Amino acid sequence: MNKVETSFLHKNQFGDDFLWGVSTAAFQIEGAHDTDGKGPSIWDVFTSQKGKIKNGHHASTACDFYNSYQNDIDLIRELNIPNFRFSISWPRIMPTGVPPINQAGIAYYNKIIDALLLAGIEPWITLYHWDLPHDLELKGGWTNRESVNWFSAYVEVCVQNFGDRVKNWMVINEPSVFTGAGYFLGIHAPGKKGITNYLKAMHHVTMATAAGAKIIQNHIPDAHIGTTFSCTHIEPATQSAKDIEAAKRVDTLLNRTFIEPILGMGYPQADLPVLKKLNAYIIEDDLHNLSFDFDFIGLQCYTREVVKSSLLIPYIGAELISAEKRNVISTDMGWEVYPPALYNVLKKFNAYDGIKKIIITENGAAFPDTLKNGKVYDIKRTHYIQDHLEQILKAKKDGLQVDGYFVWTLTDNFEWAEGYNARFGLIHVDFDTQQRTIKHSGLWFKDFLS
Ligand code: NOJ
């Protein structure tokens, strides 16, 4: 495997301005869970509870990025990746979620930013990638309307300390996933369940998205401000009216609920009636305050879902038919490998008025990699990335807006409820030794970006 397998793709086909990057998140890589004054996050607490994470895995050390960041930044440079997306851990900056500020936390992120800039890599900050300070959860977390103010104060501290060097900001990562999994299903931190928790969290997170963006705008005049959404191409299982309607409800929930209020369209209550219950939490001019004119929207797309009508499932009346049941090729997450999903999602978001720029801020795949003779031949991941890049080219040829592509992710890391078994990295990590090995996919990406 000395020579990296070539494909017909060439970086130039995407244009000079196309942004290439790699994405990560603090809780999934940093470790150092209580180092230098960091407070516990909801994920520290959740992972310490029995039965929440596969194999009892936790992220106390994770990839030890907290200590080995320089080595990993050197690897990003070695892979020719010009943009690095990482998140700030709120409880590292404010251990209890509110002032006082932990200066060691500020110093840590200053070191990361400076090391990136020195290496010629552009920093892209996500302000919230799911690790809410635990003390705030004790006050209700995102279900408490105060969360908008807590978050605003935290954003203020971040932009004041890092805004002189960082221009690219993303406010919130995948709100539909962390509110759905964390506040409705209870399978992610903080493990809350039920429609009331979910709808409250949904509204407050959406308000926090706009509030955070306005703070960035006020402090950093030349900021490039975005926020990221998970999106999945949805198809009905059959052409029956029932399945088509069910697919529409799932599409509304997964793809529209969080972006439409931001675009000034309000919540899509007509297509998902349960969202009418949100009216109990919407007060005064909330709907007006929810909108913000983002410089870019980050889309994170991994797969498609096929949906059938099901009266047994409350609120949504729909069921997803798993990739396994459909007997299609899937990743270690059980997600179907279906590259046209990316094209379809781009088409869907291009249809909105008011989106200036779209960046694919995450795309990638988990496969069972094996390290053999110091090498990882992850050909499935290489093809996954190449096939998705083909879809981006197709979208560009068809005149759709798409301005960048960030791979999820740099190194294998802590994949939330899946623990360390789902490996998404361009770089393999031996979690016993913290040894890094660039996989075939990483070598291919490096060649492609050279
Ligand atoms: C979305 C999330 O932002 C990220 O944290 C996660 O690891 C990947 N998708 C893969 O599931």
Side-chain angles (χ1 to χ4, degrees), residues 21-31 41-44 46-47 53-54 57-59 62-63 65 84-90 124-132 169-182 185 187-189 205 209 226-233 254-255 258-259 297-305 320 323 330-338 341-342 345 359-369 378 380-381 384-385 388 404-427 429 431 441:
V22 69
S23 291
T24 62
F27 190 77
Q28 296 179 269
I29 61 169
E30 285 179 358
S41 75
I42 52 173
W43 272 96
D44 289 305
F46 193 70
T47 49
I53 311 296
K54 259 194 199 158
H57 288 167
H58 58 77
C63 311
F65 184 83
F84 179 55
R85 172 178 173 224
F86 61 100
S87 76
I88 306 270
S89 158
W90 183 349
W124 292 62
I125 285 181
T126 311
L127 284 159
Y128 186 76
H129 202 126
W130 306 358
D131 45 357
L132 187 77
W169 294 82
M170 283 147 288
V171 184
I172 299 265
N173 180 69
E174 293 197 352
S176 68
V177 175
F178 81 82
T179 57
L185 298 172
I187 54 171
H188 275 192
V205 166
T209 308
T227 197
T228 74
F229 297 105
S230 145
C231 44
T232 304
H233 174 53
L254 297 186
N255 296 320
F258 286 86
I259 190 160
I297 292 298
L299 297 184
Q300 322 203 137
C301 173
Y302 289 84
T303 190
R304 77 165 159 182
E305 292 291 353
L320 307 182
S330 61
T331 69
D332 267 6
M333 298 294 283
W335 298 341
E336 180 185 5
V337 176
Y338 186 71
L342 187 55
V345 151
I359 299 174
I360 303 302
T361 39
E362 284 186 27
N363 174 250
F367 288 115
D369 303 319
D378 62 334
K380 285 186 185 166
R381 181 175 296 99
Y384 180 98
I385 294 172
H388 283 79
Y405 178 86
F406 285 54
V407 175
W408 183 268
T409 179
L410 180 66
T411 59
D412 294 335
N413 64 32
F414 179 78
E415 178 55 31
W416 309 112
E418 301 300 312
Y420 295 100
N421 290 5
R423 292 179 175 270
F424 274 93
L426 295 173
I427 298 172
V429 176
F431 288 101
S441 58

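Computed from a predicted structure; not experimentally measured. Remember, it's 1-based here, ligands and their atoms both numbered in the order they're listed.
- In this structure, Arg85 forms no cation-pi arrangement with Phe406, as its terminal cationic atom is not both closer than 6.0 Å to the ring centre and no more than 45° off the ring axis.
- Interface atoms of ligand 1 facing Gln300, defined by a heavy-atom separation under 4.0 Å, are 3 (O).
- Heavy-atom proximity to atom 3 (O) of ligand 1, evaluated over Glu415, Glu418, Glu362, is greatest for Glu362.
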task = Begin from the C-alpha positions of Phe431 and Tyr420 and carry the test ring-ring contact (aromatic ring centres under 6.0 Å, His included) through to its verdict.
result = CA-CA 8 Å; Phe431 288 101; Tyr420 295 100; 4.5 Å; yes
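- Tested against Leu342 for a side chain to side chain contact (heavy atoms under 4.5 Å, CB included), the candidates Arg304, His233, His388 yield a single pass: His388.
- In the vicinity of His129, heavy-atom distances shorter than 4.0 Å reach the ligand 1 atoms 2 (C), 3 (O), 4 (C), 5 (O).
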query = Where do Phe178 and Tyr128 land on the ring-ring contact (aromatic ring centres under 6.0 Å, His included) test, with the steps shown first?
reply = CA-CA 11 Å; Phe178 81 82; Tyr128 186 76; 5.1 Å; yes
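- His58 NE2: 12 or fewer foreign heavy atoms inside a 6.0 Å radius.
- Contacts of Asn413 with ligand 1, taken as heavy-atom pairs under 4.0 Å, are absent altogether.
- Remark: ligand 1 and Trp335 share no N or O pair separated by less than 3.5 Å (distance only, no angle test).
- Of all atoms in ligand 1, numbered sequentially from 1 with element shown, those under 4.0 Å from a heavy atom of Asn173 are 2 (C), 3 (O).
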